[in-house]
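All chains are named by letter (A, B, ...) in the order of the sequence lines, taking the proteins before the strands, and each is independently numbered beginning at 1.
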Amino acid sequence: VENVRLLDRLSSRKAALGTLYLTATHVIFVENVSETRKETWVLHSQISSIEKQATTATGCPLLIRCKNFQVIQLVIPQERDCHDVYISLIRLTRPVKYEELYCFSFNPKLDKEEREQGWKLVDLNEEYNRMGIPNNYWQISDVNRDYGVCDSYPTEVYVPKSATAHIIVGSSKFRSRRRFPALSYYCKDNNASICRSSQPLSGFSARCLEDEQMLQAIRKANPGSDFIYVVDTRPKLNAMANRAAGKGYENEDNYSNIKFQFIGIENIHVMRNSLQKMLEVCELKSPSMSDFLWGLENSGWLKHIKAIMDAGIFIAKAVAEEGVSVLVHCSDGWDRTAQVCSVASLLLDPYYRTMKGFMVLIEKDWVSFGHKFNHRYGNLDGDPKEISPVIDQFIECIWQLMEQFPCAFEFNERFLIHIQHHIYSCQFGNFLCNSQKERRELKIHERTYSLWAHLWKNRADYLNPLYRSDHSQTQGTLHPQMAPCNFLYKFWSGMYNRFEKGLHPRQSVTDYLMAVKEETQQLEEELEVLGERLANLQKSQLNGTKVKSKQQDRSKQSGLSTSSNSLANTPQEYSNDLKSFPSRSPSQGDEDDSALILTQDNLKSSDPDLSANSDQESGVEDLSCRSPSGGGCLPSEDSGKDSDEAVYLA
Amino acid sequence: MLRSSQPLTGPNRKRCREDEMLLGTVLDKGERGFIIDTRSAQAAKQARMTGGGTEPKSSYPQWRRLHRPLERGRQLQESFMKLVEACNDTSATMDRWLSRLESCRWLSHVKAALSTACLAAQCVDREEATVLVHGAEGTDTTLLVTALAQVILDPSCRTLRGFQGLLEREWIEAGHPFHLRCARSASSHARPKQEAPLFLLFLDCVWQLSRQFPFSLEFGERLLLILFDNAYASAYGTFLCNNEKERCLCKVKENTHSLWAWLNQPAERTKYLNPLYSHNPLVIWPSVEPQSIQLWQGLFFRWIRSSQHLDEAWAEIQRLVENN
């Protein structure tokens, strides 16, 4: 469709005119401006809703909201075209079969072996070995090898030594969805562990010998403690209500030596609504501070984040400080349980704060334990009531921790944002379906590519320059400040306003410091080489030999001057009062960030837009940081010209 | 950019030829200028009853007046006190934290101050027009706006030396009544009289700028905290009295030491430098969206939360830059 306008959300004055394309996998908007031909690519999988708004004199507005919080406002001149686009998008964004998803056609031009290697990058067996298992207390069990016991669990589960197959099977019959207690994390320093399950089918008075034995087995696997905590992450009222449906929670009278604890994290429906409300606040035009703070509080979002974090802290404390094992569950043990177990593990074990370790963590507590990615994130068209930002909340908890402990993580904010992006993008096969069983049936490993391999390849973009494995912050357990701590929870504008570049610090400290680090390393290497040459020279001079001094080939200075980060920026609309006053400056042809819009221009090492526009402040100095983006830009593989030719940004 | 106090128009709409001529000298024939009045239109009008007022259009035809009400005086002090109280309340739950923060209105004041300063800067830089800033007395919100606008516009004000010069010029010499305004801080139980944290509000705004433009200020948060401390209680004479006249009468320069002299000693100075600084010759336009304005934790939670991890991060940044 031609002559479509793409509006800027913050400033309705700025609209780009161009052509809109719909392909099998993407919506693409190409600007008419001939020099730059800026392109906006959006994957259908990313689109969460499309809204046709009332036709105005200028055309028919179409609002596209994405799961990665990008909001695109288009104005299509003809009503009929708009309707066609709308109907098409409705169909395209509600795939019925997995094969319709991008991951099955995405081609990064790797051969079969590379694809396989990519999938092998994260190996959970290795991970449990790293933890120290199998050992005297824990073993691997193949009782679920054909998914015969629990179809949402993996084929390989880790259980206490004293848990026989009989006990496991018996316990699984007493647990919602057959999700019996299994190991999530084992602390070899004190034998305390974190196990996870779903709620017991206890109703008001039902009992199950094998389930009780299962919990005893967990307790016995930790000789340092004579009881275990059982943590129910639901609000007490909800758990009690479940009893009427024949489910519920563990009765301390029936299970010997447990201490039961409710933590009170709300359910997926509450969270879905909470996010919705928060996004509404983000869409307010020129909100006052009041509007914003009230709206944010009203959504309850940060309160929920804190609740998840508090649960993780409780469990980490139980394991690290008390040396007591914990069994965690919610209702079905695949949402809140996953969040809380993975937060706790990350607090406890510095390995999960490394890049590789974080991938392993997600693979372990989310992918292998059957978090319902398809239902929660809408790979396929499904029940809207199943949609909920569960993993988004977990990712945000990690960001909040990164803000409190800037040296403690090997990876940076961009890593988290890209992971979130790809959970919804369906460009890679990691987060498809609802369980390992479904993924194996679809032969995901043979037909799609692994995100982890892709991220690992580009890991230089995701490093935190402040991380040092020998730093005090990176050792041992993290101890987030407890009360008072409400103020520590910040609104994550890097995620929820990701595409509104005007909001963010224009200069990326992370990128600059990475460049500094790199240059220092290069210089140090050069220094070493020169030192060696000098030594040789001196030696040969001593020997009286004449040595022809070689031409020093200066390894190229990376050109990181001290003044390398001045970026022109434009004022936002501070006042409408100035508009009627004839402005003498040339139109605010602002230098859009190329990163605002996913575009293949990101491939170039310098930002082309800054020089192209006539902003009178553009005395822009050379930006010699490696990644030109202010942070939101993705490696452009989903924005390549042909959908077949994905290009990787080094 | 000019600053003054309000014209004494009074209820009878007095005119003053000299004042009109003075303002006339800064504009060329046919040029237009802006007046930014930091009172609401209502308040400015009411001021006439007590002898003050605004510049009437008829007498100052080349000037266009814009009203940008900024909080001052008792209200601002109370906002400050409420905020400090909220921050120190260890019993507050997450449920009510944001609304409590909102009810203090402090962040709204920060937003308003930044917006107004940006407006003044925009007049100068984008519209290439002269701007006159005044409130009532010209000693509080006026100085907030002009000083902040200069940090936004002028890279030399963002250097350590230049910033000190700015403070001397736009706050101290310009006659901000430090003695009255900073007599008591937020925790005092005594009834506030003339106290108002305008200077703190200015420092908060500068902190917001440093957060949004981490490379563009030669100094860091540490300097801002030291300035805050010294405005209220100091071993140095720099922030004493209310104006130059009083300082002369009290012989401040003869009897006390200057804060700047101490700060600028080589050993001290390095503590206040921003390791990420690199000269940015351009104007820095901050975002004043609510998401972009944050609570200055380093100040308001200074004694409540440990800054250890953040300090370590800064030390690491310093190390990385120095190694290079």
Return the set of residues passing side chain to side chain contact (heavy atoms under 4.5 Å, CB included) with B:Arg302 (not counting sequence neighbours), or none when no residue passes. B:Leu225, B:Phe228, B:Asp229

At a 4.5 Å cut-off on heavy atoms, which part of A:Phe487 comes close to chain B: side chain, backbone, both, or neither? both

Out of B:Arg319, B:Gln291, B:Gln297, return the one with the most heavy atom pairs under 4.5 angstrom to chain A. B:Gln291

Side chains of A:Glu396 and A:Trp301: any donor to acceptor distance under 3.5 Å? yes

Under a plain distance cut-off of 3.5 Å, with no hydrogens placed, do B:Glu221 and B:Trp207 share a side-chain donor-acceptor pair? yes

Rounded to the nearest 0.5 angstrom, the CD1-CD1 distance for A:Ile265 and A:Ile305 is 10.0 Å

Between A:Gln522 and A:Glu526, do the side chains contain a donor N or O and an acceptor N or O under 3.5 Å apart? no

For residues 399-410 of chain A against chain B, heavy atoms under 4.5 Å, the residues are A:Glu403, A:Gln404, A:Phe405, A:Pro406, A:Cys407

Using a distance-only test with no angle check, is there a side-chain donor-acceptor pair under 3.5 angstrom linking B:Glu55 and B:His134? yes

Do B:Glu289 and A:Pro287 have side chains that get closer than 4.5 Å, going by heavy atoms? yes

Looking at B:Val321, B:Ile317, B:Val110, which has the largest count of heavy-atom pairs under 4.5 Å with chain A? B:Ile317

Please report the closest heavy-atom contact between B:Leu276 and B:Pro214, naming both atoms and the distance. CB-O, 3.7 Å

Assess whether atom CD of B:Glu85 is packed by more than 12 heavy atoms of other residues, nucleotides or ligands within 6.0 Å. no

So for B:Thr93, is it side chain, backbone, both, or neither that comes closer than 4.5 Å to the heavy atoms of chain A? backbone

Residues of residues 291-299 of chain A under 4.5 Å from chain B (heavy atom pairs)? A:Phe292, A:Leu293, A:Trp294, A:Leu296, A:Glu297

If you measure only the distance, is there a donor-acceptor pair under 3.5 Å linking the side chains of A:Trp492 and A:Asn497? no

Residue selection (most heavy-atom pairs with chain A, distance under 4.5 Å) from B:Ser115, B:Cys118, B:Ser292: B:Cys118

Non-neighbouring partners of B:Ser108 that pass side chain to side chain contact (heavy atoms under 4.5 Å, CB included), sequence neighbours left out: A:Met289, B:Arg105

